[in-house]
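Remarks on the structure that follows.
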Amino acid sequence: MSNDENLTIKQQREKRRAEKVAALKAKQEREKRRNLIAIGSAVVGALAVIAIVVSIVVTSAQPRVEPADIDIAGLETFEEIEGLHVEGVVDYDQTPPVGGPHNAAWLNCGIYEQEVPAENAVHSLEHGAVWVTYDPAEVTDGDLDALRDEMPSTYIILSPFEGLDAPVVASAWGYQVQLDGVDDPRLADFITKYRASPDAPEPGALCTQAVDGPGKIA
């Protein structure tokens with residue numbers, strides 16, 4: 001005879017009730033553990049999100065460098081430049097030119113692997129573009145790739161220019177600096193200071209939708 005058969009009906013009922021209570025408590029404990037794990041995971045995820053947000057806030061809180069506060073060693077300044085529209089070839093005073101009479105059509109900004117018409121490029125300078133030129137005899141292969149990678153996507157012209165007095169020259173309307181090479185830190189400073197500058201003669205004017213020079217690759 002089994003143990004249950006030795007129990008009275010009341011005792012059997014109490015035993016079954018106790019077993020159900022025990023099973024219910026066990027289920028509740030399992031659910032509690034699952035909830036704790038889920039809460040822990042959620043907390044970890046929330047902390048990760050908070051860390052990202054804090055990082056963004058801290059980064060954004062870093063003071064922005066004002067272009068006017070950037071000093072560039074060796075910077076040349078040219079004043080009282082007139083931007084007349086002309087036809088034909090212009091004999092500029094600077095090499096490369098930093099402004100002056102220019103073609104009525106501006107050069108579409110971008111990266112070129114051939115020399116571009118100066119008369120069109122000067123018009124782009126009038127719109128706030130920066131023209132980065134390099135000596136193709138000195139800047140080649142990996143250096144040229146690095147220079148191209150450094151260029152912003154807008155309001156920039158990069159092209160070879162033979163006969164430069166430096167490996168790389170950066171020009172804006174009325175400003176120019178001769179650089180020691182593609183890794184000269186003054187290049188980035190010049191671009192930050194003068195690209196799309198509100199001080200350009202026609203700030204905000206287009207640097208696209210006009211004419212492409214030869215050898216445009218980007």
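Fair warning: this is a prediction, and the values are worked out from it, not measured in the lab.
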For this session: Name all residues meeting the ring pair (Phe, Tyr, Trp, His ring centres under 6.0 Å) criterion together with Y112; count only those two or more places apart in sequence or in a different chain, and write none if there are none.
Result: none
Exercise. In terms of heavy-atom contacts, does CD of E82 have more than 12 from other residues, nucleotides or ligands at under 6.0 Å?
Worked result: no
Problem set entry | Nearest-0.5 Å distance, CH2 of residue W173 to NE2 of residue H123 | 8.5 Å
Seminar exercise, completed: Closest non-hydrogen atoms of V132 and V168, given as atom of the first, atom of the second and distance, are CG1-CG1, 3.8 Å
For this session: Give a yes or no on whether the backbone of V177 and the side-chain of R186 come within a donor-acceptor separation of less than 3.5 Å.
Result: no
Exercise. Any chance CG of D91 has more than 12 other-residue heavy atoms, nucleotides or ligands included, within less than 6.0 Å?
Worked result: no
Exercise. When rounded to the nearest 0.5 angstrom, what is the spacing between CG in N120 and NE2 in H102?
Worked result: 9.5 Å
Problem set entry | Value rounded to 0.5 Å, distance of OG1 in T133 from CH2 in W131 | 6.5 Å
For this session: Name all residues meeting the salt bridge (Lys or Arg N to Asp or Glu O under 4.0 Å) criterion together with R195; count only those two or more places apart in sequence or in a different chain, and write none if there are none.
Result: none
For this session: Run the numbers on W106 and T208 for side chain to side chain donor-acceptor pair (under 3.5 Å), then give the verdict.
Result: CA-CA 8 Å; W106 60 88; T208 58; 5.9 Å; no
For this session: For C109 and I156, work out which heavy atoms get closest and say how close.
Result: CB-O, 3.2 Å
Exercise. Quick one: OG on S159 to CG on L107, what's the gap to the nearest 0.5 Å?
Worked result: 8.0 Å
Problem set entry | L147 CG to L179 CG distance, which is reported to the nearest 0.5 Å | 9.5 Å
Exercise. Which residues satisfy the ring pair (Phe, Tyr, Trp, His ring centres under 6.0 Å) test with Y155, sequence neighbours excluded?
Worked result: none
For this session: Taking all non-hydrogen atoms of both residues into account, name the closest pair between E113 and R148 and its distance.
Result: CB-NH2, 3.6 Å
Seminar exercise, completed: Test side chain to side chain contact (heavy atoms under 4.5 Å, CB included), reference K216, set N108, V116, I157, output is N108
Problem set entry | Check: Q176 side chain, A170 main-chain N or O, donor-acceptor pair, under 3.5 Å | no
Seminar exercise, completed: When every non-hydrogen atom of E119 is compared with those of V89, the smallest separation belongs to OE2-CA, 3.5 Å
